[in-house]
Amino acid sequence: MKMWHPLQSLALCVLLALFVNHCQGVRQGQDLKCGACRAMVDEMEWAISQVDPNKMIQTGSFRINPDGSQSIREVPLARSEGNLLELMEEVCERMKDYGERLEPTTSRETYERVTSRNGKPMDLSEAKLDSRVTSSLKFACETIVEQYEDEIIEFFAHETDNVKDKLCSKRTDLCDHALQIPHDEL
């Protein structure tokens, strides 16, 4: 049986530590992308809910068809493509209202709103608030909005249940662990 040289043992320990650190970094990146997607969905849903549901907008072609008709239809303003595009331009700015929290049962990072929309006090005892977190979350959100613009519009143009799971997990694979994330309401 061959004896391990102390330098070989040290090299093996360093490689193992680098591997574990790399795996942890990959998981943190996944948590960040998933958190950004879920926060973006929350913010989009909230912004859509703030638009008067009775406001309508005409869409379609304003050209007259050969039969004399026009291909115009009315859709709710809140879910119109123009409104959704406008909301998507602003949604990532709201990531400054989020903090990071380590989920005790899964040891995964989650992101939660730390600024109340209605002025009520919030429990921030478990949340980590710092500019590194918010800037990383904002960058991840901007990347998602840029990469998945068509999918985001598709999901929000029609009222859909569980947009977080359908968009962030099934369509984009940004959340590999969505079934373990608690479903919250607006």
Side-chain angles (χ1 to χ4, degrees), residues 17-51 78-79 81-157 160 162-186:
L18 287 173
F19 177 74
V20 168
N21 192 27
H22 171 72
C23 290
Q24 227 177 0
V26 168
R27 191 173 85 182
Q28 286 174 339
Q30 289 173 337
D31 290 348
L32 179 68
K33 290 175 187 173
C34 179
C37 185
R38 294 177 70 78
M40 182 269 304
V41 169
D42 278 343
E43 294 301 322
M44 289 288 292
E45 287 177 338
W46 183 81
I48 289 168
S49 75
Q50 298 306 296
V51 177
R79 296 191 180 275
E81 186 173 340
N83 186 55
L84 293 174
L85 287 169
E86 191 175 309
L87 294 177
M88 286 168 45
E89 287 179 19
E90 304 165 358
V91 70
C92 296
E93 292 298 322
R94 294 194 203 105
M95 295 301 117
K96 71 183 183 318
D97 297 334
Y98 283 78
E100 181 180 75
R101 187 171 70 87
L102 190 64
E103 183 64 43
T105 56
T106 62
S107 297
R108 296 198 81 146
E109 293 168 341
T110 60
Y111 299 88
E112 61 186 27
R113 188 167 245 292
V114 295
T115 305
S116 172
R117 290 186 179 114
N118 58 10
K120 290 183 181 177
M122 299 180 71
D123 177 18
L124 306 177
S125 60
E126 305 268 332
K128 177 180 171 184
L129 310 170
D130 75 36
S131 61
R132 179 197 60 82
V133 169
T134 56
S135 64
S136 296
L137 201 58
K138 180 182 176 199
F139 180 75
C141 175
E142 289 168 345
T143 303
I144 291 166
V145 167
E146 186 177 315
Q147 285 181 333
Y148 299 105
E149 178 179 326
D150 294 338
E151 289 86 350
I152 293 168
I153 290 173
E154 176 187 332
F155 275 98
F156 286 109
T160 308
N162 290 334
V163 174
K164 281 183 199 174
D165 288 340
K166 290 177 182 173
L167 179 64
C168 299
S169 296
K170 294 177 182 163
R171 181 64 69 90
T172 63
D173 286 330
L174 293 168
C175 296
D176 64 343
H177 60 292
L179 298 177
Q180 300 170 0
I181 298 174
H183 297 280
D184 47 13
E185 298 296 322
L186 276 178

Open item on the list: Can a donor-acceptor pair be found, under 3.5 Å and without considering hydrogens, that links the side chain of Thr172 to the backbone of Leu167?
Closed with: yes
Task: Ion pair Arg38/Asp165, N-O distance below 4.0 Å - done: yes
Task: Donor-acceptor pair, side chain of Arg101 and main chain of Ala127, under 3.5 angstrom - done: no
Task: Qualifying side-chain hydrogen bond (donor to acceptor under 3.5 Å, both in side chains) pairs with a residue from residues 140-152, counting only residues at least two apart or across chains - done: none
Task: Pairing of Glu109 and Lys128 as salt bridge, 4.0 angstrom limit - done: no
TODO: Grab the two heavy atoms, one from Leu137 and one from Gly35, that are nearest each other, plus how far apart they are.
DONE: CD1-C, 4.1 Å
TODO: Using modelled atom types only, decide if a donor and an acceptor are shared between the side chain of Ser135 and the backbone of Arg132 within a distance under 3.5 Å.
DONE: yes
Open item on the list: Once side-chain hydrogen bond (donor to acceptor under 3.5 Å, both in side chains) is applied, do any residues pair with Asp130, and if so which ones, sequence neighbours excluded?
Closed with: none
Open item on the list: Determine whether the interatomic SG-SG distance for Cys175 and Cys168 falls below 2.5 angstrom.
Closed with: no
TODO: Look at the side chain of Thr134 and the backbone N and O of Ser131, then say whether any donor-acceptor pair between them is shorter than 3.5 Å.
DONE: yes
Between side-chain atoms of residues 87-97 and protein atoms elsewhere (two or more places apart, or another chain), which donor-acceptor pairs fall under 3.5 Å?
{"residue": "Glu93", "atom": "OE2", "partner": "Lys138", "partner atom": "NZ", "Å": "3.2"}

- [ ] Output yes when Arg108 and Glu103 qualify as a salt bridge under the 4.0 Å nitrogen-oxygen rule, no when they do not.
- [x] no
Task: Where Tyr111 and Tyr98 come nearest, the two heavy atoms and their spacing - done: C-CD2, 4.2 Å
